[in-house]
Number of protein chains: 2
Amino acid sequence: MDPRDPPPTLTSIDSYLLSLTGKAGRNRIADRLAARGLRLWHMAVLAALADFGPHAQRDLCARLGVDPSDMAKVIDQLADGGHIARTRDDADRRRVLIDLTGPGRELLAELTRAAADVDRQLLAGLTAAERTRLHALLLKVFTTVRSIPD
Amino acid sequence: MDPRDPPPTLTSIDSYLLSLTGKAGRNRIADRLAARGLRLWHMAVLAALADFGPHAQRDLCARLGVDPSDMAKVIDQLADGGHIARTRDDADRRRVLIDLTGPGRELLAELTRAAADVDRQLLAGLTAAERTRLHALLLKVFTTVRSIPD
DNA sequence: ACCTATAGTGGGTCTGCACCCACTATTTTT
DNA sequence: AAAAATAGTGGGTGCAGACCCACTATAGGT
């Protein structure tokens, strides 16, 4: 018996398996981001802008579930790197409109590739069909998670 | 369009879905543990002892991948609560043998029930057959994760 | 104009996790 | 018997995440 086997009592818990595999994925992606001086929220912001177009900063917070104060810092760094553009909304000068720049789009593409790479590593043990099924199941779980309160 | 929809660029990444759903599960289980003054490692230790029998403290560290220094603190708290018994190994008096006590076994059963509860919440959107398939897939991914270096 | 509400910023806290080093007690090696 | 290795402990560090409050600037309601 391998003295490094994990306890079956734990591995029979789906939440535990999700948590561990999720952490593995998260850490790997975080590493790739860290190599570029970024963290997960930076990528999330870029993705939100790419998928849904320009946002007021506040709307980004609502969409991603981030504290406005934390978002300000993330936005700051992305702006410093030239990956997003920040402009005052002339209709409501309290608002700051955030948009992707060309370099930002490029960066996101790069990060997306890195993430796909991590997926490939993580799911190396699955056939293509299994990956498809896993993805569908995870989407369902994700929907459930989003719908139930904390 | 729901202004709270997550970016598809993110939800198409399996590692991201694993990470989010895993975090949801983790947090919920952590909450239940916190209500009893415990954290995840406490449960992991109890599970390892229940599944594999008594361990030297060092072997628990190896099995669970915890720093020996951190393990010492976890062990300390479990011993304080009367959930494990700590005895010096007479054959090698450097070693401390850790074993589950009756109350420890009870506590683990309780925690396992709580975890199953969380699973039920998280996977509420899946049919029984889907849950079975998800579990099998997660086990495979878990095996892969364990086999590849960090 | 006045009062209230909202957008964003800057500064800080607290928590959990992971890690690391120095130290004591004990055992093994030579 | 001395030296090197091992088990466990205590006391730290650094980081990331989530949160919170005070503040400025602007807008909207009356």
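Chain letters run A, B, ... following the sequence lines, proteins first and then strands; every chain starts at 1. A quick note: this is a predicted structure, and the numbers were derived from the prediction, not measured.
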S.K.: Any side-chain heavy-atom pair from B:Arg28 and B:Gln121 closer than 4.5 angstrom?
M.R.: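 A side-chain contact under 4.5 Å exists here.
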
S.K.: Rounded off to whole Å, could you give me the CG-to-P distance for the B:Asp70 and C:dC20 pair?
M.R.: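 Going from CG in B:Asp70 over to P in C:dC20 covers 11 Å.
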
S.K.: Any protein N or O atoms within reach of nucleotides 23-30 of chain D? Criterion: under 3.5 Å, listing atom names and distances.
M.R.:
from, atom 1, to, atom 2, distance (Å)
D:dA27, OP1, A:Arg93, N, 2.8
D:dA27, O4', A:Arg94, NE, 3.3

S.K.: Given C:dG16, C:dG8, D:dT9, which nucleotide is nearest the side-chain atoms of A:Arg58?
M.R.: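 Nucleotide nearest to A:Arg58's side chain: C:dG8.
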
S.K.: How many Å lie between CD1 on A:Ile29 and P on D:dG17, as a whole number?
M.R.: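 Atom-to-atom, A:Ile29 to D:dG17, this comes out as 13 Å.
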
S.K.: Under 4.0 Å between a side-chain N or O of A:Trp41 and OP1 or OP2 of D:dA16?
M.R.: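 No.
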
S.K.: Provide, to the nearest angstrom, the distance between the CZ atom belonging to A:Arg86 and the P atom belonging to C:dA7.
M.R.: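 Taking atom P of C:dA7 as the reference, CZ of A:Arg86 is at 17 Å.
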
S.K.: Please give, in whole Å, the distance from C:dA22 C1' to B:Asp67 CG?
M.R.: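 From B:Asp67 CG to C:dA22 C1': 14 Å.
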
S.K.: Counting only distance, no hydrogens or angles, is the base of D:dG11 paired donor-acceptor with the side chain of B:Ser69 under 3.5 Å?
M.R.: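 Yes, a donor-acceptor pair under 3.5 Å.
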
S.K.: The side chain of B:Arg95 is closest to which nucleotide in this list: C:dG8, D:dA7, C:dT9?
M.R.: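 Of all the options, the side chain of B:Arg95 is nearest to D:dA7.
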
S.K.: Is there a side-chain contact between A:Arg86 and A:Ile98 in this structure, where contact means two heavy atoms from C-beta onward sitting under 4.5 Å apart?
M.R.: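 The answer is yes; the side chains approach within 4.5 Å.
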
S.K.: For a 4.5 angstrom cut-off between non-hydrogen side-chain atoms, does B:Leu100 reach B:Arg105?
M.R.: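 B:Leu100 vs B:Arg105: side chains touch.
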
S.K.: Below 4.5 Å, heavy atoms only, C-beta onward: do B:Leu64 and B:Met71 meet side chain to side chain?
M.R.: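 A side-chain contact under 4.5 Å exists here.
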
S.K.: Indicate yes or no: at least one non-hydrogen side-chain atom of A:Arg146 is less than 4.5 angstrom from one of B:Asp5.
M.R.: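 When only atoms from C-beta onward are counted, B:Asp5 and A:Arg146 do touch, with a gap below 4.5 Å.
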
S.K.: According to a strict under-4.0 Å criterion, is B:Lys23 in side-chain N/O contact with OP1 or OP2 of D:dA18?
M.R.: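 Yes, B:Lys23 has a side-chain N/O under 4.0 Å of OP1/OP2 on D:dA18.
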
S.K.: Could you check how far CG of A:Leu38 sits from P of D:dG17, rounded to whole Å?
M.R.: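 Taking CG of A:Leu38 and P of D:dG17, I get 12 Å after rounding.
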
S.K.: Between A:Met71 (CE) and C:dG10 (C1'), how many Å, whole number?
M.R.: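 Rounding to the nearest Å, CE of A:Met71 and C1' of C:dG10 are 17 Å apart.
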
S.K.: Take atom CD1 of B:Ile75 and atom P of D:dG8, then tell me their distance rounded to the nearest Å.
M.R.: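 These atoms are roughly 9 Å apart.
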
S.K.: Please tell me which of B:Leu97 and B:Asn27 maps to the more 5' nucleotide of DNA chain D, matching each residue to the nucleotide holding its nearest heavy atom.
M.R.: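 Nearest nucleotide further toward 5': that of B:Leu97.
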
S.K.: Decide yes or no for B:Asp117 and B:Arg113: does some side-chain heavy atom of the first lie under 4.5 Å from some side-chain heavy atom of the second?
M.R.: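 SC-SC contact between B:Asp117 and B:Arg113 ruled out.
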
S.K.: Could you tell me if the side chain of A:Arg88 sits less than 4.5 Å from the side chain of A:Leu97, heavy atoms only?
M.R.: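 In short, these two side chains do not touch, never coming nearer than 4.5 Å.
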
S.K.: Using atom CZ of A:Arg26 as one end and atom P of D:dA16 as the other, report the distance to the nearest whole Å.
M.R.: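 Roughly 11 Å, once rounded to whole Å.
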
S.K.: What I want to check is whether an N or O donor and acceptor connect the side chain of B:Lys73 with the base of D:dG11 at under 3.5 Å.
M.R.: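 Yes.
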
